[in-house]
Undergrad: 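Mind having a look at this structure? Questions to follow.
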Amino acid sequence: NGDTDGPPPESITTTLLDVDFCLLESDGVLSGPSRTKLLNELSNAVFKSLVVSDEDLIGFVLAGWDARLSELQSLPSAGVEEDEAAWEYVTLLRGMFDGVDPALAPSRPPYTQGYKRLVTMLKNAGCRFGESGRGRPVPQDKNLCLSLLDVRRGPGHPSPTRSLNRASNVVARALLYANKPERIRLARSLEGRRGELQQQL
């Protein structure tokens, strides 16, 4: 059907499918660019890449981070306090990939509520935050195809079935949380790693 043909999509966010983390009443599908709309798109990209937990998808978000910051800088100033609040929010969003204390939150709305909603949704999706913010939030894989030996040995012992279980969980989370462009990117990522998985079997 041609869904996987052509170059990768430029954006991995689709406004109609995005969660409202920090949008204002004036932000709509037909409204023009705004600071809160851009930051909401970025929030969704962070959320979905962390929940799906595919390194290629996470790398794609991080690779485009500076471009999104440049886009943010190009928007008209909303005042010193509003600008500072927006950059505080961006800093906390970026910190999600390196490990952040989930108790932290931006000091001004709508970013205070947006960040708390992001943390809550990550937890509800099964992500665990490292102690004192050490390490990025990580979703807990379910037993979809582990062998009895895998279960007996525990997660510290790699095996072909454990690798397949990991990939199966990534796909399952993508079906729940990712949009169409993100799923296409994930499919290409898994296709590129198929040989590696086959060698383990």
Side-chain angles (χ1 to χ4, degrees), residues 8 11-14 17-22 38-69 71-72 85-107 111-144 146 154-158 162-179 181-190 192-193 196-197:
S11 172
I12 63 167
T13 57
T14 302
L17 300 177
D18 279 353
V19 175
D20 178 359
F21 287 108
C22 58
L38 174 59
L39 291 177
N40 196 68
E41 291 178 359
L42 200 54
S43 302
N44 275 274
V46 170
F47 169 70
K48 288 185 277 190
S49 64
L50 288 173
V51 166
V52 175
S53 194
D54 175 70
E55 290 300 322
D56 183 68
L57 188 57
I58 290 174
F60 180 65
V61 173
L62 292 177
W65 198 267
D66 287 344
R68 304 314 295 270
L69 295 188
E71 190 177 347
L72 181 62
W87 285 106
E88 179 187 19
Y89 185 58
V90 168
T91 300
L92 287 171
L93 287 179
R94 179 61 180 81
M96 280 283 184
F97 294 104
D98 302 316
V100 65
D101 186 344
L104 296 175
S107 56
Y111 308 117
T112 306
Q113 301 93 317
Y115 189 75
K116 289 181 179 179
R117 183 173 299 157
L118 174 60
V119 171
T120 298
M121 288 187 63
L122 286 169
K123 289 181 178 179
N124 290 344
C127 289
R128 292 183 181 177
F129 287 76
E131 183 180 355
S132 300
R134 296 173 185 169
R136 71 173 64 136
V138 177
Q140 302 304 297
D141 287 346
K142 297 181 179 180
N143 182 356
L144 300 180
L146 292 175
H157 296 80
R162 188 172 297 282
S163 296
L164 288 173
N165 190 70
R166 166 66 179 161
S168 299
N169 273 272
V170 168
V171 171
R173 290 191 293 264
L175 291 174
L176 282 173
Y177 298 106
N179 60 28
E182 292 158 348
R183 293 173 187 174
I184 292 174
R185 177 166 290 276
L186 176 61
R188 291 172 176 171
S189 174
L190 291 175
R193 283 178 271 166
E196 177 184 340
L197 290 172

Undergrad: Look at the side chain of Ser168 and the backbone N and O of Leu164, then say whether any donor-acceptor pair between them is shorter than 3.5 Å.
TA: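 Yes, Ser168 side chain to Leu164 backbone: donor-acceptor pair under 3.5 Å.
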
Undergrad: What's the spacing between Leu144 CG and Asn165 CG if we round to 0.5 Å?
TA: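 Spacing of CG (Leu144) from CG (Asn165) equals 5.0 Å.
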
Undergrad: Main chain of Asn44, side chain of Asp18: is a donor-acceptor contact present, judged purely on distance under 3.5 Å?
TA: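 Checked: no pair found.
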
Undergrad: Is there a donor-acceptor pair closer than 3.5 Å between any side-chain N or O of Asn40 and the backbone N or O of Cys22?
TA: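 Confirmed, Asn40 side chain pairs with Cys22 backbone.
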
Undergrad: If only atom types and distance count, is the side chain of Glu55 paired as donor or acceptor with the main-chain N or O of Ser53 below 3.5 Å?
TA: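 It does not hold such a pair.
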
Undergrad: I'd like to know if the side chain of Arg185 and the backbone of Phe60 have a donor-acceptor N/O pair within less than 3.5 Å.
TA: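 Not at all, since once roles are kept as given, no pair shorter than 3.5 Å links the two residues.
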
Undergrad: Go through the steps for Ser189 and Arg193 under the test side-chain hydrogen bond (donor to acceptor under 3.5 Å, both in side chains), then give the verdict.
TA: CA-CA 7 Å; Ser189 174; Arg193 283 178 271 166; 2.5 Å; yes

Undergrad: Report the distance from atom CG of Leu50 to atom CG of Leu93, rounding to the nearest 0.5 Å.
TA: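 With rounding to 0.5 Å, CG (Leu50) is 10.0 Å from CG (Leu93).
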
Undergrad: Step by step, work out the side-chain contact (heavy atoms from CB on, under 4.5 Å) result for Asp98 and Arg136.
TA: CA-CA 5 Å; Asp98 302 316; Arg136 71 173 64 136; over 6 Å; no

Undergrad: Do Phe21 and Leu39 have side-chain heavy atoms sitting under 4.5 Å apart?
TA: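 Answer no - side chains too far apart.
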
Undergrad: Nearest heavy-atom pair of Thr112 and Pro106: which atoms, and what distance?
TA: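 Thr112 and Pro106 have their closest heavy atoms at OG1-O, 2.7 Å.
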
Undergrad: Apply the test side-chain contact (heavy atoms from CB on, under 4.5 Å) to residues Val138 and Phe129: give CA-CA distance (whole Å), side-chain angles for both, the deciding distance (0.1 Å), then the verdict.
TA: CA-CA 7 Å; Val138 177; Phe129 287 76; over 6 Å; no

Undergrad: Which atom names give the shortest non-hydrogen contact between Pro139 and Pro137, and what distance separates them?
TA: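 The pair with the smallest heavy-atom distance is CD-O, 4.1 Å.
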
Undergrad: With ring centroids as reference points, do Phe47 and Tyr177 lie under 6.0 angstrom apart?
TA: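 When the ring centroids of Phe47 and Tyr177 are compared, they turn out to be within the sub-6.0 Å range.
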
Undergrad: Output yes when a side-chain donor or acceptor of Arg183 lies under 3.5 Å from a complementary backbone atom of Leu175, and no otherwise.
TA: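 Checked: pair present.
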
Undergrad: Please examine the side chains of Phe97 and Val61, heavy atoms only from C-beta on, and report whether any two atoms are closer than 4.5 Å.
TA: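 They are in contact (side-chain heavy atoms under 4.5 Å apart), so the answer is yes.
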
Undergrad: Between atom CE of Met96 and atom OG1 of Thr91, what is the distance when rounded to the nearest 0.5 Å?
TA: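 Met96 CE to Thr91 OG1: 12.5 Å, rounded to 0.5 Å.
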
Undergrad: Taking atom CZ of Arg68 and atom CZ of Arg94, what is their separation to the nearest 0.5 Å?
TA: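 The CZ atom of Arg94 is 14.5 Å from CZ of Arg68, to the nearest 0.5 Å.
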
Undergrad: For the CD atom of Glu182 and the NZ atom of Lys48, what is their distance to the nearest 0.5 Å?
TA: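 NZ of Lys48 is found 4.0 Å from CD of Glu182.
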
Undergrad: What verdict does the side-chain hydrogen bond (donor to acceptor under 3.5 Å, both in side chains) test give for Ser43 and Tyr89, after you've listed the backbone C-alpha separation in whole Å, the side-chain angles of each residue and the deciding distance to 0.1 Å?
TA: CA-CA 9 Å; Ser43 302; Tyr89 185 58; 2.6 Å; yes

Undergrad: For Ile58 versus Ser49, what's the shortest heavy-atom pair and its separation?
TA: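 What the structure gives for the nearest pair is CG1-O, 3.5 Å.
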
Undergrad: Could you walk me through whether Leu72 and Val90 pass the side-chain contact (heavy atoms from CB on, under 4.5 Å) check?
TA: CA-CA 10 Å; Leu72 181 62; Val90 168; 3.7 Å; yes

Undergrad: Rounded to the nearest 0.5 Å, what separation is found between the CH2 atom of Trp87 and the OH atom of Tyr111?
TA: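 Answer rounded to 0.5 Å: 11.0 Å.
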
Undergrad: Backbone N or O of Val51 within a donor-acceptor pair of the Arg173 side chain at under 3.5 Å?
TA: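 Confirmed, Arg173 side chain pairs with Val51 backbone.
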
Undergrad: With no hydrogens and no angle check, is any side-chain donor or acceptor of Glu88 less than 3.5 Å from a backbone partner on Ser107?
TA: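 Such a contact is found between Glu88 side chain and Ser107 backbone.
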
Undergrad: Are Asp54 and Arg166 within salt-bridge range, i.e. N to O under 4.0 Å?
TA: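 Salt bridge: no.
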
